[in-house]
Amino acid sequence: MTSDRKGLLGIVFLTVFLDIVGFSIIFPLFPSMLEHYVGLEGTESMVGRLAAWLDNLSGGDGNAVVTLFGGILGSIYGLLQFLSSAYWGSLSDRWGRRPVLFLTLAGTAAACLLWTFAGTFLILVLARILGGVMAGNISVASAAVADSTPKWERAGGMGIVGMAIGLGFICGPALGGAFSLLEIQGDGIPTSSFALNPFSAPALVSFALALLNLAWAFFRFPETRPPEGEPRPPGRSITPFARLRTLDAPGLRRVNWVYFLYLLAFAAAEFTLTFLAVERLEFSRGDLAWMFVFVGFIIAIVQGGLVRKL
């Protein structure tokens with residue numbers, strides 16, 4: 001592997017890692033968000049009616065209500081990311097990787113800033129929607145890896161993207177739990193839709209990481225799309241389901257379904273771990289942060305040491 005290719009993979013790794021850290025910072029905060037916004041806006045508000053519906057759905061189990069609430073907020077982001085990734089990938093085939101990456105990173109930063117000043121639940125939901133729509137960074141970064149690596153090295157290059165995602169999902173919640181202990185809201189109850197909230201400190205960290213990511217990509221991320229006159233990727237549909245139907249190689253669909261089910265189960269276990277720790281062990285936000293630090297430490301030892309050598 002050439003030094004230029006190694007350098008690009010390093011840039012892709014940091015870009016994806018910082019993006020996932022900024023996204024997953026919110027995970028350990030979900031158990032506290034429902035209580036905050038219902039208490040702030042009342043039981044007749046949008047979030048109050050949502051809480052009542054979840055309470056009826058769960059049969060009055062308070063812990064289940066909080067878990068379902070976090071699942072809904074998390075699923076909004078994931079679903080929109082799935083629906084928009086094909087669009088951003090197709091757009092990067094036409095415009096180039098750099099401009100689309102800048103656009104999505106800027107949108108991510110805007111979503112984090114909106115979350116910072118989410119004085120109401122509606123603004124929080126809008127921030128999650130914007131963040132999910134703009135979460136095309138990974139698809140564009142993956143396209144850049146495919147552009148710059150030969151077929152026999154492509155799996156290793158995509159492994160770099162996967163490793164960045166995995167480590168980001170560990171470091172993000174740890175930072176979220178740690179910075180949630182820092183109160184910057186001040187006294188009084190917000191009287192405006194745009195106001196600081198008890199979760200503004202982690203949101204500001206997420207915003208700072210998004211700006212760092214944007215600056216890093218601007219100065220270091222090269223354009224990798226093949227220039228005019230050279231072979232380019234075939235035109236891609238902006239519909240993700242249409243893209244899935246093109247997987248016609250023998251066994252490829254089955255492998256993708258198995259991988260999807262594995263990731264679904266793993267993500268569900270990782271996502272609900274915070275709620276389980278709060279319910280069964282009465283963990284605070286700080287305890288949740290240390291839990292993810294420990295998990296990340298074990299993953300670093302196993303993936304960086306044992307698995308690499310094996």
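Only a predicted model underlies this, so the values are computations on that prediction, with no experimental measurement involved. Scope of the values below: all heavy atoms of this structure, side chains included, with no hydrogens, waters or symmetry mates.
The shortest heavy-atom contact between Gly176 and Pro202 is O-CG, 3.8 Å. Across all non-hydrogen atoms, the minimal contact from Ser180 to Leu29 is CB-CD2, 3.4 Å. Closest heavy-atom contact between Ser58 and Val65: OG-CG2, 3.3 Å. Contact record, Thr67 with Phe275: OG1-CB, 3.4 Å, taken as the closest heavy-atom pair. Here the closest non-hydrogen pair linking Ser85 and Ala135 is OG-O, 3.9 Å. In terms of heavy-atom proximity, Ala144 sits nearest to Arg97 at N-NE, 4.4 Å.
Tracing side-chain contacts under 4.5 Å through hydrophobic residues (I, L, V, M, F, W, Y), one never reaches Val255 starting from Trp257; they form parts of separate clusters. Residues Leu181 and Ile26 are members of separate hydrophobic clusters, defined by side-chain heavy-atom contacts under 4.5 angstrom among Ile, Leu, Val, Met, Phe, Trp and Tyr. Both Phe219 and Phe102 are assigned to one and the same hydrophobic cluster, defined by single-linkage of ILVMFWY side chains at heavy-atom distances under 4.5 Å. Following chains of ILVMFWY side-chain contacts shorter than 4.5 Å, one can reach Leu281 starting from Met291, so the two form part of one hydrophobic cluster. Note on Leu276 and Val278: separate hydrophobic clusters, where clusters join Ile, Leu, Val, Met, Phe, Trp and Tyr whose side-chain heavy atoms are under 4.5 Å apart, directly or indirectly.
Relative to the ring axis of Trp216, Arg220 places its NZ or CZ within 45° and under 6.0 Å from the centre.
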Take Ile25 and Phe179 through the side chain to side chain contact (heavy atoms under 4.5 Å, CB included) test and state the conclusion after the steps. CA-CA 9 Å; Ile25 274 180; Phe179 280 94; over 6 Å; no
* To do: Given side chain to side chain contact (heavy atoms under 4.5 Å, CB included), test Trp88 with Leu103 step by step and report yes or no.
  => CA-CA 10 Å; Trp88 294 122; Leu103 177 60; 3.5 Å; yes
Check your understanding: Could you go step by step and tell me if Leu214 and Phe218 meet the side chain to side chain contact (heavy atoms under 4.5 Å, CB included) rule?
Key -> CA-CA 6 Å; Leu214 183 62; Phe218 179 80; 5.8 Å; no
- Task: Show your reasoning for whether side chain to side chain contact (heavy atoms under 4.5 Å, CB included) applies to Leu209 and Ser206.
- Result: CA-CA 5 Å; Leu209 288 174; Ser206 185; 5.7 Å; no
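Judged by distance alone, the side chain of Ser284 and the main-chain N or O of Asp287 form a donor-acceptor pair under 3.5 Å. Checking side-chain atoms of Ser45 against main-chain N and O of Gly42 turns up a donor-acceptor pair under 3.5 Å. Between the side chain of Ser200 and the main chain of Leu196, no donor-acceptor pair closer than 3.5 Å is present. A donor-acceptor pair is defined here as one N or O able to donate and one able to accept, closer than 3.5 Å; no such pair exists between the side chain of Trp115 and the backbone of Leu126. Proximity of a side-chain donor or acceptor of Arg49 to a complementary backbone N or O of Glu44 within less than 3.5 Å is detected. In this structure, Ser84 contributes its side chain and Leu80 its backbone to a donor-acceptor pair below 3.5 Å. In this structure, Thr43 contributes its side chain and Gly48 its backbone to no donor-acceptor pair below 3.5 Å. Judged by distance alone, with hydrogens and angles left aside, the side-chain atoms of Asn197 form a donor-acceptor pair with the main-chain N or O of Ala118 at under 3.5 Å. One N or O on the side chain of Asn256 and one on the backbone of Leu252 form a donor-acceptor pair closer than 3.5 Å.
Residues Leu40 and Thr120 form no side-chain contact, since every pair of their non-hydrogen atoms from C-beta on lies 4.5 Å or further apart. Residues Leu114 and Phe194 form a side-chain contact, since some pair of their non-hydrogen atoms from C-beta on lies under 4.5 Å apart. Within the 4.5 Å cutoff, the side chain of Ile129 has no heavy atoms near those of the Tyr77 side chain.
Close placement of the Phe69 and Phe121 rings is indicated, their centers lying within 6.0 Å of each other.
Here the OH-CG distance, from Tyr37 to Leu50, works out to 13.5 Å after rounding to the nearest 0.5 Å. For the atom pair CD (Gln81) and CE (Met134), the distance works out to 13.0 Å, reported to the nearest 0.5 Å. Rounded to the nearest 0.5 Å, atoms OG1 (Thr116) and CZ (Phe207) are 7.0 Å apart. Between atom CD1 of residue Ile76 and atom CZ of residue Arg128 there is a gap of 8.0 Å, rounded to the nearest 0.5 Å.
A search for side-chain hydrogen bond (donor to acceptor under 3.5 Å, both in side chains) contacts involving Thr104 returns Asn137, not counting sequence neighbours.
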